[in-house]
> 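Sending over a structure as structure tokens; questions will come in a sec.
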Number of protein chains: 2
Amino acid sequence: MGRKIEIKKIEDITKRQVTFSKRRSSLLKKAKEIAISCDVDVLLVAFSPANRLSKFCSQNRYCIYEPTKIPLRCACYLSI
Amino acid sequence: MGRKIEIKKIEDITKRQVTFSKRRSSLLKKAKEIAISCDVDVLLVAFSPANRLSKFCSQNRYCIYEPTKIPLRCACYLSI
DNA sequence: GACTCTATTTATAATTA
DNA sequence: TTAATTATAAATAGAGT
């Protein structure tokens, strides 16, 4: 899609953020589509380099925990 | 992509599994691409209707817990 | 940042083997 | 069934606003 690129870290910050924004939305869209059409539950989480939770996609049955004191993040799925 | 379809549950089992297989691999590919090019950590988990962990994508710092006795699954990210 | 445009590449539904 | 092929639609890099 678009001009052909090699997949490696985009060094230009502005360009990287633009690409992230574009790809994030389409990744979310595709996760939703496979969840619906294939009847699966999907969890998608992205953490930025600044360690912020950038995004998640769910079937409304996931929860994301972000403890502040330990270097651990949990995303839990309730399969009930 | 392909013939235009409405996004809804595919009722035909064979067709649904074929679609799942195709979409799963491209979703994983895209998750890896955004992780690399945008320097973010991504976690992607899919649970099948049979409650099996179908897939996950990571930066090698995620771990998936699958307790068998409780209806809860955890995907944990170590941000160290 | 957040949109728009579009040329180009990728993804994929349907089909065929 | 599982794997290619094909025809078509979607995603997106780059450029401009």
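Convention: sequence-line order gives letters A, B, ...; per-chain numbering from 1.
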> Under 3.5 Å, which protein N or O atoms sit close to an N or O of nucleotides 5-8 of chain C? Give each pair with its distance.
residue : atom : partner : partner atom : Å
C:dT8   : O2   : A:Gly2  : N            : 2.8

> Within this structure, what is the CG-to-C1' distance between B:Asp12 and D:dT1, rounded to whole angstrom?
13 Å
> Using whole Å, report how far NZ of B:Lys29 lies from P of D:dA11.
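Distance, rounded to whole Å: 14 Å.
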> Can you measure from CZ (B:Arg24) to CD1 (A:Ile34) and round to the nearest 0.5 angstrom?
7.5 Å
> Under 4.0 Å: is that the gap between some side-chain N or O of B:Thr19 and OP1 or OP2 of C:dT12?
no
> Rounded to the Å, how far apart are A:Ile5 CD1 and D:dA15 P?
13 Å
> Is the shortest side-chain N/O distance from A:Lys15 to OP1 or OP2 of D:dG14 below 4.0 Å?
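Looking at the OP1 and OP2 atoms of D:dG14, one of them is under 4.0 Å from a side-chain N or O of A:Lys15.
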> Is there a donor-acceptor contact under 3.5 Å from the side chain of B:Ser21 to the main chain of B:Val18?
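No; judged by distance alone, with no hydrogens or angles, the pair does not exist.
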> What residues, two or more places apart in sequence or in another chain, satisfy side chain to side chain contact (heavy atoms under 4.5 Å, CB included) together with A:Gln17?
A:Ile13
> Over how many whole Å does the gap from B:Leu27 atom CG to D:dA11 atom C1' extend?
14 Å
> Closer than 3.5 angstrom, by distance alone: can the side chain of B:Ser26 be matched with the main-chain N or O of B:Arg23 as a donor-acceptor pair?
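Confirmed, B:Ser26 side chain pairs with B:Arg23 backbone.
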> Could you check A:Gln17 against A:Lys30 and say which one's nearest nucleotide on DNA chain C is further toward the 5' end?
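This one resolves to A:Gln17.
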> Can you tell me how far the CG atom of B:Leu27 sits from the CG atom of A:Leu44, to the nearest 0.5 Å?
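Going from CG on B:Leu27 over to CG on A:Leu44, the span is 7.0 Å.
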> Specify the separation, in whole Å, of atom CD1 of B:Ile36 and atom C1' of D:dA13.
17 Å
> Considering residues at least two apart in sequence or located in another chain, which fulfil the side chain to side chain contact (heavy atoms under 4.5 Å, CB included) criterion with B:Lys15?
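If we apply the side chain to side chain contact (heavy atoms under 4.5 Å, CB included) test to B:Lys15, skipping adjacent residues, the hits are B:Ile10, B:Asp12.
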> How many angstroms lie between CZ in A:Arg3 and CE in A:Met1, if you round to the nearest 0.5 Å?
13.0 Å
> Using whole Å, what does the distance between atom P of nucleotide D:dG14 and atom CZ of A:Arg23 come to?
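Value for this atom pair: 10 Å.
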> B:Lys9: which residues meet the salt bridge (charged side-chain N to carboxylate O under 4.0 Å, His left out) condition with it, sequence neighbours left out?
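Residues passing salt bridge (charged side-chain N to carboxylate O under 4.0 Å, His left out) with B:Lys9: A:Asp39.
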> In this structure, how many angstroms lie between the C1' atom of C:dT12 and the CD1 atom of A:Ile34, rounded?
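In whole Å, C:dT12 C1' and A:Ile34 CD1 are 12 Å from each other.
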> CZ of A:Arg16 versus C1' of C:dG1: gap in Å, rounded?
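Atom-to-atom, A:Arg16 to C:dG1, this comes out as 15 Å.
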> The helix from C:dA2-D:dT17 to C:dA17-D:dT2: angle between its terminal axes, five pairs each, to 10°?
30°
> Once rounded to the nearest 0.5 Å, what's the spacing between atom CG of B:Leu28 and atom CD of B:Glu33?
10.0 Å
